[in-house]
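Inspection log for the structure reproduced underneath, given as structure tokens.
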Amino acid sequence: MRIFETRNKKNMDKSKRLFLKSKRSFRRRLPPIQSGDRIDYRNMSLISRFISEQGKILSRRVNRLTLKQQRLITIAIKQARILSLLPFLNNEKELERSESTPRTTGLRIKNK
């Protein structure tokens, strides 16, 4: 009889804990693309939000987009890249490194 009572107490504690956890408030995030926004290769302000610093297209999970929206964004980014509105790669760090370190073009002279 006691074993049954202790199991009931444990189950009741769990149910109370689950009930308390579900009362937590959460802030719903706004969708990244509003209903009035057109997904187009010319809309650079919209497209640039979905590209990383290296110039990569961010994943759907990171963007919080639907499957249809992600496909349209991907197509728009690719069209903008082909039309040279966006770079294929963003190599700013590599350019900064190559500019800051001058290379010697002459032959080295051995000291005797």
Show me the side-chain donor-acceptor pairs of residues 65-74 shorter than 3.5 Å, one per line, residues at least two apart or across chains.
from, atom 1, to, atom 2, distance (Å)
Thr66, OG1, Gln69, N, 3.2
Thr66, OG1, Gln69, OE1, 3.3
Gln69, OE1, Thr66, N, 3.1
Gln70, OE1, Asn63, ND2, 3.1
Gln70, NE2, Leu58, O, 3.2
Thr74, OG1, Gln70, O, 2.8

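Once rounded to the nearest 0.5 Å, the distance linking CG of Asp37 with OG of Ser45 reads 7.5 Å. To the nearest 0.5 Å, atoms CZ (Phe88) and NZ (Lys78) are separated by 10.0 Å. Interatomic distance, Asn90 CG to Lys56 NZ, rounded to the nearest 0.5 Å: 12.0 Å. Between the OG atom in Ser84 and the CD1 atom in Ile82 there is a gap of 9.5 Å [rounded to 0.5 Å].
A single hydrophobic cluster is seen to contain both Leu83 and Ile39, as judged by linkage of ILVMFWY side chains at heavy-atom distances under 4.5 Å, directly or through other members.
Within the 4.5 Å cutoff, side-chain heavy atoms of Ile33 are placed close to those of Phe50.
For Ile51, the side chain to side chain contact (heavy atoms under 4.5 Å, CB included) partners at least two apart in sequence or on another chain are Ile47, Ile77, Leu86.
Contact record, Pro32 with Arg49: O-NH1, 2.9 Å, taken as the closest heavy-atom pair.
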